[in-house]
Amino acid sequence: MLSYIIVACDGDINIIKQRQTSLTWYEEWFMMFEYVWNRTLTRLEDVQKTFSDLRLEDVLRVVDAKLDICSTSRDSWPMFASFEEDKALQKDKWAS
């Protein structure tokens with residue numbers, strides 16, 4: 001999870017540490033992962049009760065902020081590799 005956070009924030013510690021609530025930056029990221037990937041906390045009510053009785057608005061603000069960071073990072077990456085990069089990464093078995 002930490003490696004995902006570092007990649008999504010382009011290694012910028014100031015972006016990683018941005019907080020929306022009284023939770024720590026790590027707790028906010030963990031809350032976002034638990035809710036977005038629907039593993040254990042599938043309802044907003046569950047998220048509220050699990051994380052210090054946060055208000056619904058606070059939960060949504062955290063999730064929106066973290067997803068915005070992730071989508072901004074994704075949009076900054078190139079959609080396709082250049083021909084030279086693709087050729088360099090190509091395995092020998094595909095050359096023929």
Side-chain angles (χ1 to χ4, degrees):
M1 182 173 90
L2 191 56
S3 60
Y4 177 88
I5 295 170
I6 292 170
V7 169
C9 296
D10 293 325
D12 187 349
I13 192 69
N14 294 323
I15 296 174
I16 292 172
K17 290 177 17 178
Q18 285 179 355
R19 295 180 8 196
Q20 308 297 320
T21 64
S22 61
L23 299 174
T24 67
W25 66 267
Y26 190 77
E27 288 172 326
E28 286 190 0
W29 279 103
F30 188 80
M31 179 178 68
M32 189 274 296
F33 289 139
E34 286 289 320
Y35 178 66
V36 170
W37 291 335
N38 293 327
R39 296 295 181 211
T40 56
L41 303 174
T42 56
R43 299 178 312 152
L44 287 173
E45 294 82 12
D46 298 334
V47 176
Q48 282 180 279
K49 295 298 177 190
T50 303
F51 290 94
S52 304
D53 286 328
L54 291 175
R55 295 179 309 153
L56 179 62
E57 297 83 19
D58 294 335
V59 173
L60 291 174
R61 190 173 60 234
V62 169
V63 171
D64 287 344
K66 301 305 180 196
L67 287 177
D68 186 47
I69 291 170
C70 294
S71 65
T72 301
S73 176
R74 186 195 62 218
D75 292 343
S76 71
W77 301 332
M79 190 171 291
F80 300 100
S82 67
F83 177 75
E84 291 79 19
E85 290 172 320
D86 192 36
K87 189 76 173 159
L89 296 172
Q90 193 176 51
K91 295 184 179 180
D92 292 334
K93 70 178 184 177
W94 300 107
S96 57

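Numbering of residues begins at 1 and proceeds along the displayed sequence.
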Indicate every side-chain donor-acceptor pair of residues 2-18 with a distance under 3.5 Å to a residue at least two apart or in another chain.
| from | atom 1 | to | atom 2 | distance (Å) |
| --- | --- | --- | --- | --- |
| Asp12 | OD1 | Asn14 | N | 3.0 |

Tabulate below the donor-acceptor pairs under 3.5 Å that side-chain atoms of residues 30-37 make, not counting sequence neighbours, or state none.
| from | atom 1 | to | atom 2 | distance (Å) |
| --- | --- | --- | --- | --- |
| Glu34 | OE1 | Thr40 | OG1 | 2.2 |

So the side-chain hydrogen bond (donor to acceptor under 3.5 Å, both in side chains) pairs with at least one residue in residues 44-53 (sequence neighbours excluded) are Arg43-Asp46
Note: Asp64-Arg61 ion pair, threshold 4.0 Å (strictly below): no
* Does Glu28 reach the main-chain N or O of Thr21 with its side chain, forming a donor-acceptor pair under 3.5 Å? -> yes
Members sharing Phe83's hydrophobic cluster, built from side-chain contacts under 4.5 Å between Ile, Leu, Val, Met, Phe, Trp and Tyr, are none
message: Please determine whether side chain to side chain contact (heavy atoms under 4.5 Å, CB included) holds for the pair Leu54 and Leu23, giving the CA-CA distance in whole Å, both sets of side-chain angles, and the decisive distance to 0.1 Å.
response: CA-CA 9 Å; Leu54 291 175; Leu23 299 174; 3.6 Å; yes
Residues 69-83 vs side-chain hydrogen bond (donor to acceptor under 3.5 Å, both in side chains), sequence neighbours excluded, gives Ser82-Glu85
Sorted by chain and number, sequence neighbours left out, side-chain contact (heavy atoms from CB on, under 4.5 Å) with Thr24 holds for Tyr26, Glu27
Is there a side-chain contact between Leu44 and Val63 (heavy atoms, below 4.5 Å)?
-> no
